[in-house]
2 protein chains.
Amino acid sequence: MPSDPDTKAQILKAAKSALLNTGYSGLSTRKIADEAGVPLSQIHYHFGSRHNLVLALLDRENQKLLTRQQETFLSEMPLWKRWEQACDYLEDDLRSGYVRILQEMTAAGWSDDDIAAAVRDILKGWFDLLSGTAAAAAEKLGGLGPFTPEEIGVLAGMPFLGIEAMLLLGFKEKDLPSRSALRKVGSVIRKLEGD
Amino acid sequence: MPSDPDTKAQILKAAKSALLNTGYSGLSTRKIADEAGVPLSQIHYHFGSRHNLVLALLDRENQKLLTRQQETFLSEMPLWKRWEQACDYLEDDLRSGYVRILQEMTAAGWSDDDIAAAVRDILKGWFDLLSGTAAAAAEKLGGLGPFTPEEIGVLAGMPFLGIEAMLLLGFKEKDLPSRSALRKVGSVIRKLEGD
DNA sequence: GTCTAATTCGGTCGATCGACCGAAAGGAGT
DNA sequence: ACTCCTTTCGGTCGATCGACCGAATTAGAC
């Protein structure tokens with residue numbers, strides 16, 4: 001009775017839901033099993049351990065992002081428009097829970113080498129994308145000042161990670177005008193491009 | 001026998017140590033008690049609950065930072081030098097464990113309203129400081145372009161938070177040139193100031 | 001010295017955790 | 001019909017968790 005794909009996907013979906021509800025520190029195999037509506041033993045049958053389940057969840061969430069990344073990379077939009085799109089993606093990813101998942105996994109990685117390596121791999125791919133975009137922008141804009149493309153990648157990407165953590169913490173635009181700041185950066189880029 | 005101050009401080013110190021070793025999800029009252037060399041019951045006598053102990057630890061770590069913040073606020077250094085100092089502080093805080101503590105608390109706040117409120121208070125103070133500095137810089141530099149001082153505060157502070165999370169995750173300068181990027185921002189500020 | 005209140009200590013409670021087990025149930029190939 | 005392999009299921013193990021208790025100890029007031 002190989003209803004395997006169903007159950008496995010069901011557990012992963014429940015694991016995501018449980019992670020969003022309780023955070024990583026409150027995550028337990030029993031809560032996941034209850035949420036999925038399957039016996040506890042199913043989790044260890046399909047994933048072997050809680051640890052492996054977490055890694056599988058991270059991998060599954062990342063799969064979704066990879067396809068979108070490649071679309072963006074192939075796009076020929078002007079820089080300011082790509083920045084705008086990145087701001088839109090942030091809102092999407094906040095709603096979908098992906099931001100929370102990745103940030104929870106990042107925090108878990110501070111104490112777990114396997115998770116840390118997995119998260120670094122994911123984020124490394126993102127930074128390479130940003131660096132590549134910066135390298136292309138260097139030609140268009142005539143150099144990047146004192147910065148290498150990789151450093152521009154850092155300066156473009158890190159604010160998003162910091163803002164994500166703050167938004168998850170409950171900061172509102174009134175106390176931390178993060179969204180308006182990001183949008184205005186887009187308009188500055190637009191002027192730099194001479195649009 | 002009121003050796004109370006000793007024991008209480010000892011427990012807080014052990015709590016910090018345990019948090020650095022195991023992360024928030026692995027933190028337990030027994031590990032803290034063992035590390036402090038006191039019976040488990042002492043923790044509940046002095047702090048009432050694990051929850052209160054965590055909040056007390058956060059408050060204690062923040063006290064240290066507050067004094068330094070005020071020193072920086074009162075300083076009359078040029079902007080680029082303050083930025084350099086912020087980079088130096090980052091290295092100090094990474095070594096001392098303060099970065100890890102605050103980032104762990106931030107992540108814990110995603111699932112705990114009390115911790116979230118406490119962390120927001122701390123970071124709100126930091127952002128106000130940055131915004132104030134940006135407002136002062138606006139006069140010196142002749143405006144901030146399209147940005148409000150608060151938005152400049154966001155754009156100055158958020159990269160640090162993102163970079164902290166990545167450094168804790170084990171990113172090296174080779175894969176993520178975060179330190180060189182931050183330092184070069186300082187040199188750009190220096191040119192803007194016409195020094 | 002005596003009394004009082006604060007502090008220390010060892011022990012224990014019920015709940016929850018991850019992991020594992022053997023038996024039952026089901027589908028596929030013959 | 002039979003076998004073989006995958007999957008499902010309920011139950012249980014030892015470990016660990018936060019919280020709490022009563023008794024013993026100690027410092028300081030008088």
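Proteins get letters first, then strands, A, B, ... in listed order; numbering begins at 1 in each.
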Discussion item. Show, in sequence, the C-alpha distance, side-chain angles and deciding distance for A:D92 and A:R68, and conclude whether the salt bridge (Lys or Arg N to Asp or Glu O under 4.0 Å) test is met.
Written reply: CA-CA 12 Å; A:D92 291 344; A:R68 193 181 73 187; 5.1 Å; no
Rounded to the nearest angstrom, tell me the gap between atom [atom1] in [X] and atom [atom2] in [N].
X	N	atom1	atom2	value
A:Q42	D:dG10	CD	C1'	12 Å
A:Y45	D:dG10	OH	P	17 Å
B:D34	C:dC9	CG	C1'	14 Å
A:F47	D:dT7	CZ	P	12 Å
A:H46	D:dT8	NE2	C1'	8 Å

Worksheet item: Are A:R100 and A:E164 close enough for a salt bridge, meaning some N to O gap below 4.0 Å?
Response: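 Between A:E164 and A:R100 there is no salt bridge, as every charged N stays at least 4.0 Å from the carboxylate O atoms.
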Item to complete: Flag the pair B:R179 and B:E91 as a salt bridge only when some basic side-chain nitrogen lies within less than 4.0 angstrom of an acidic carboxylate oxygen.
Response: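 Judged by the 4.0 Å cut-off on N to carboxylate O distance, B:R179 and B:E91 do form a salt bridge.
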Worksheet item: Sequence neighbours excluded, which residues qualify as ring pair (Phe, Tyr, Trp, His ring centres under 6.0 Å) partners of A:W83?
Response: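 Result, ring pair (Phe, Tyr, Trp, His ring centres under 6.0 Å) vs A:W83: A:F160.
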Fill in: NZ or CZ of A:K16 within 45° of A:Y98 ring axis and under 6.0 Å
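Verdict for A:Y98: no cation-pi partner in A:K16.
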Worksheet item: Any link between B:L168 and B:Y89 through a network of hydrophobic side chains (Ile, Leu, Val, Met, Phe, Trp, Tyr) touching at under 4.5 Å?
Response: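 B:L168 does not cluster with B:Y89.
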Item to complete: Take nucleotides 13-24 of chain D nucleotide by nucleotide from the 5' end and write B, S or -, depending on whether a protein heavy atom sits under 4.0 Å from the base, only from the sugar-phosphate, or from neither.
Response: ----BBBBB---
